[in-house]
Amino acid sequence: MTGAEFLTVLTTTDSAEKAEALARGAVEARLAACAQISAPVTSVYHWQGAIETAQEWQVLFKTTAARYKALEAHLTAAHDYDTPEILALPVVRGNAPYLAWLTSETTTMTPTPTPTPTPTPPPA
């Protein structure tokens, strides 16, 4: 199966706990089917006129292009960085059953309505 309808989305954060919270929140909201946390990595970057070095945890989300905007909004709101890294990379090929699972798990599920109990009339 091919196409850019599937994405891997990458972000980083400064602790394992924050990485897990970002991952869990996105998966629970069905914005990603899966999130993998790689830890720790060393990042070297320019920030506010200086070169910084920091230990970070990478979180890689598996999602669909249709869910990207909602995932980005979720990550932006939940992230504590001023300018969080949020990069979306297209998946150009993938195992068809895996991609079908990814689609299924990122489809917004509507809750099954709870049946309203029928009142029982009092005995005569």
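The analysis underlying the following values was restricted to heavy atoms, covering all of them including side chains, and did not include hydrogens, waters or symmetry mates.
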Side-chain heavy-atom pair [X], [Y] within 4.5 angstrom cut-off:
X      : Y     : value
Gln36  : Phe61 : no
Val9   : Leu87 : no
Leu10  : Gln58 : yes
Asp80  : Lys18 : yes
Thr106 : Leu31 : no
Ile51  : His46 : yes
Asp14  : Gln55 : no

- request: Rounded to the nearest 0.5 Å, what's the gap from CH2 on Trp101 to SG on Cys34? Could you check?
  value: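 Here the rounded value is 5.0 Å.
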Distance, nearest 0.5 Å, that separates CD1 of Ile37 from CD of Glu17: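 Between Ile37 CD1 and Glu17 CD, I get 10.0 Å after rounding to 0.5 Å.
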Using residues 69-79 as the side-chain source, report each donor-acceptor pair under 3.5 Å to any protein atom, sequence neighbours left out, with the distance given to one decimal.
{"from": "Glu72", "atom 1": "OE1", "to": "Tyr68", "atom 2": "OH", "distance (Å)": "3.4"}
{"from": "Thr76", "atom 1": "OG1", "to": "Glu72", "atom 2": "O", "distance (Å)": "2.8"}
{"from": "His79", "atom 1": "ND1", "to": "Tyr81", "atom 2": "N", "distance (Å)": "3.1"}
{"from": "His79", "atom 1": "NE2", "to": "Thr12", "atom 2": "O", "distance (Å)": "2.7"}

task: Applying side chain to side chain contact (heavy atoms under 4.5 Å, CB included), run through Trp57 and Glu20 and close with a yes or a no.
output: CA-CA 9 Å; Trp57 281 253; Glu20 186 169 341; over 6 Å; no
message: I need the minimum non-hydrogen distance between Leu7 and Pro90, along with the two atoms involved.
response: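 Heavy-atom minimum between the residues: CD2-CA, 3.8 Å.
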- prompt: If every non-hydrogen atom of Ala19 is compared with every non-hydrogen atom of Thr13, which pair is closest and at what distance?
  reply: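 In this case the closest contact between Ala19 and Thr13 is N-CG2, 3.3 Å.
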task: Say whether Glu85 and Thr11, considering side chains only, have a donor N or O and an acceptor N or O under 3.5 Å apart.
output: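 Side-chain D/A pair, Glu85 to Thr11: absent.
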query: Under the 3.5 angstrom rule, does the side chain of Arg67 hit a backbone N or O of Ala32 as a donor-acceptor pair?
result: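 The answer is no, because no donor-acceptor pair under 3.5 Å joins these two groups.
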message: Listing request: all ring pair (Phe, Tyr, Trp, His ring centres under 6.0 Å) pairs with a residue in residues 10-38, at least two apart in sequence or in separate chains.
response: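 Ring pair (Phe, Tyr, Trp, His ring centres under 6.0 Å) check on residues 10-38 returns no pairs.
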message: Side-chain heavy atoms nearer than 4.5 Å, only ILVMFWY residues, links allowed to pass through others: does that put Val27 and Leu22 together?
response: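 No, it is not one cluster - the side chains of Val27 and Leu22 are not joined through contacts under 4.5 Å.
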- request: Report the residues that fulfil ring-ring contact (aromatic ring centres under 6.0 Å, His included) with Tyr45, sequence neighbours left out, ordered by chain and then residue number.
  value: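 With neighbours one apart ignored, the set is empty.
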query: Which of these passes side-chain contact (heavy atoms from CB on, under 4.5 Å) with Phe6: Leu89, Thr63, Thr64, Val92?
result: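 Among Leu89, Thr63, Thr64, Val92, the one that satisfies the side-chain contact (heavy atoms from CB on, under 4.5 Å) with Phe6 is Thr64.
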Pair Tyr98-Val91, side chain to side chain contact (heavy atoms under 4.5 Å, CB included): steps then yes or no: CA-CA 12 Å; Tyr98 180 84; Val91 173; over 6 Å; no
